[in-house]
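The sequence lines fix the lettering, A, B, ..., with proteins before strands; numbering per chain opens at 1.
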Amino acid sequence: MRQFSKKYVCIKKDREFRWLFKNGSCTVTKAFICYFRENKRRNNRLGIVAGKKIGGAVQRNRARRVIREAFRLIEPELASSTEKRYDFIFVARSVAVHMKSTGILKLMRKNIPGKLAQRSDS
RNA sequence: CAACUUUAUUGUGCGGUCGCGGGGAGUGAUCCGUGAGGAAAGUCCGGGCAUCACAGAGCAGGAUAGCUGCUAACGGCAGCCGGAGGCGACUCUAGGGCUAGUGCAACAGAAAUAUACCGCACCUUUUGGUGUAAGGGUGGAAAGGCGAGGUAAGAGCUCACCGCGGGACGGGAGACCGUUGCCGCCUGUAAACCCUAUCCGAUGCAACGCCGAUUGGUUCCGGGGAUAGACCGCUUGCUCGGCGGUCCCGGAUUAAGGCGGCUUGAGCCUUUCGGCGACGAAAGGCAUAGAUAGAUGACCGCACCCGACAGAACCCGGCUUACAGAUAAAGUUGCGAU
RNA sequence: GCGCCAAUAGCUCAGCUGGAUAGAGUAUUUGGCUACGAACCAAAGGGUCGGGGGUUCGAAUCCCUCUUGGCGUG
């Protein structure tokens, strides 16, 4: 298990990861599995998990970078569309290694906003 | 030209926009410059560095194993010697000692470090005895091989040649090589125990050093409070009595956390000199990651063969393993041409 | 990152020290027992001993190397 995220909007602690896996909602695509839950902070927070399953260090780094880049692009859209802020954890799957970040971004646009809306309705 | 052998280098490149780590400049917005590998890998060896231990020596345990050198050191490298393979360039080689001792050698075979089954010969006699190791067969291995002499039949029993071992002599720095009118013929296995020679203290940056409060734990010290009652420990088993503790404050210690260690080091490049070479010496030049859940991605343009294996985590020297291709040098063999 | 183990039948393990037959339990299949099953009894099949190389007459075992799992350590 390997965890990563950016400095000022990161999820670091092991217990936070566990908490999200247990209590968060999730959505699944071919490239990643996304867990998310509303938080009470000012920022959206990000955590990425790239397990040993998907390959060596090169493959894991690649997956992390691609997901992080895609999240960087979609984050302003999420922030502007709703007042609420969320914690996200992306678990990389082996397909993500061979994808471009634009491909991941499309998957995120397609899946995430809808799911967020669903949760806030219910 | 074809088929090879060896060695070395390289590992998409350039420009633009956004994004990330470290550094520098600035009050600041921001700007400048920099940012993974030959294996960064496996963690198989050797060091540096750090803490602990340590008078010296020995035993035990581990490692290495032709020689001479190189080196901080090595199980690495260079050159040479011996052995094996190849027409050759060349490649591979744990390569000390079973003639120090002990152990092991299944099955087969008469017999496995010793012997006599079938044979062969002689003597007795119809069955044994004696002498043999030519031949047969077994096995990885059967008292060196082969020929002649010799003999009842045979045998290094004797002789010539060859092989191996020892001694002597000569050459070499040494491993070794050569000669020999001398002495011998000894199974294999030490990646079996072991012997000989040389080397080795242990643990590893999650080492180690420093900082650290309104927090928690632990034990100790100092001061104060309480000793009405309760509880715990000690005081011999019980009762009484006694002593210490509980609560508060301060200090020490430790854990989460932060900083250092953290990149200038046996450094890299060029030239000259010494050396067959590994390498060493001198001169000149270069600044080249330092993260701490862990930094390199996305998009656009151009070119081509459309880019392999793959990501630093204290640092070096090697080894081993993975690797699409591209380039250069030296050399061998074969064919053809001149 | 550092330190250290293991790999043998479908599954769980022994054999490795000290070299020459790969074995046990379980599972599978067949037969018996039973009215039928379970249990029990008897038998059978099933092994590149993780891969490669070396030492040896001979390697699951000894040596080297690679691969795959697992453990410890803040």
TODO: Please determine if a side-chain N or O atom of A:Arg65 lies less than 4.0 Å away from the OP1 or OP2 oxygen of B:rU296.
DONE: yes

Open item on the list: Would you say A:Arg68 places a side-chain N or O within less than 4.0 Å of OP1 or OP2 belonging to B:rG21?
Closed with: no

Whole angstroms only, please: what is the [atom1]-[atom2] distance between [X] and [N]?
X	N	atom1	atom2	result
A:Leu105	B:rG297	CG	P	18 Å
A:Glu69	B:rC18	CD	P	13 Å
A:Arg60	B:rG311	CZ	P	8 Å
A:Leu46	B:rA293	CG	P	15 Å
A:Phe71	B:rG297	CZ	C1'	16 Å
A:Leu73	B:rC20	CG	C1'	14 Å
A:Lys100	B:rG297	NZ	C1'	11 Å
A:Asn61	B:rG21	CG	P	15 Å

Name the pairing partner of [N], where a pair is Watson-Crick or G-U wobble with both distances under 3.5 Å, or state none.
N	answer
B:rA298	B:rU17
B:rA3	B:rU332
B:rU321	none
B:rA78	B:rU68

Please report the distance separating the [atom1] of [N] from the corresponding atom of [M], rounded so that it comes out in whole Å.
N	M	atom1	answer
B:rG257	B:rA207	P	13 Å
B:rC262	B:rC52	C1'	24 Å
C:rU68	B:rU321	C1'	15 Å
B:rC210	B:rG250	P	25 Å
B:rG140	B:rG144	P	22 Å
B:rC161	B:rU180	C1'	16 Å
B:rG331	B:rC90	C1'	10 Å
B:rU93	B:rC98	P	24 Å

Using the glycosidic torsion, which applies to [N]: syn (within 90° of 0) or anti (everything else)?
N	value
B:rU263	syn
B:rG56	anti
B:rG156	syn

- [ ] Grab the two heavy atoms, one from A:Ala92 and one from A:Ile67, that are nearest each other, plus how far apart they are.
- [x] CB-CD1, 3.8 Å

TODO: For A:Arg62 and A:His98, indicate whether the former's side chain and the latter's backbone hold a donor-acceptor pair under 3.5 Å.
DONE: no

Open item on the list: Closer than 3.5 angstrom, by distance alone: can the side chain of A:Arg109 be matched with the main-chain N or O of A:Ile104 as a donor-acceptor pair?
Closed with: no

- [ ] Among B:rG311, B:rG19, B:rC299, find the nucleotide with the atom closest to the side chain of A:Ala57.
- [x] B:rG311

Open item on the list: From the set B:rA298, B:rG19, B:rG311, return the single nucleotide nearest to any side-chain atom of A:Arg72.
Closed with: B:rG19

Just how far is it from atom [atom1] of [X] to atom [atom2] of [Y], taken to the nearest 0.5 Å?
X	Y	atom1	atom2	result
A:Thr27	A:Phe90	OG1	CZ	9.5 Å
A:Lys106	A:Met99	NZ	CE	9.0 Å
A:Arg68	A:Ile48	CZ	CD1	6.5 Å
A:Cys26	A:Phe32	SG	CZ	11.5 Å
A:Thr29	A:Leu107	OG1	CG	5.0 Å
A:Ser25	A:Tyr86	OG	OH	9.5 Å

Open item on the list: Starting from A:Val28, can I reach A:Val49 by hopping between I/L/V/M/F/W/Y residues whose side chains sit under 4.5 Å apart?
Closed with: yes

- [ ] May I ask you to check whether A:Phe88 and A:Tyr35 place their ring centers less than 6.0 Å from one another?
- [x] no

- [ ] Return one dot-bracket line describing RNA chain C 5' to 3' (Watson-Crick or G-U wobble pairs, both distances under 3.5 Å; ( ) same strand, [ ] crossing, | another strand, . none).
- [x] (((((((..((((.........)))).(((((.......))))).....(((((.......)))))))))))).

Just the atom pairs and distances: protein N or O near nucleotides 41-43 of chain B's N or O, under 3.5 Å.
none

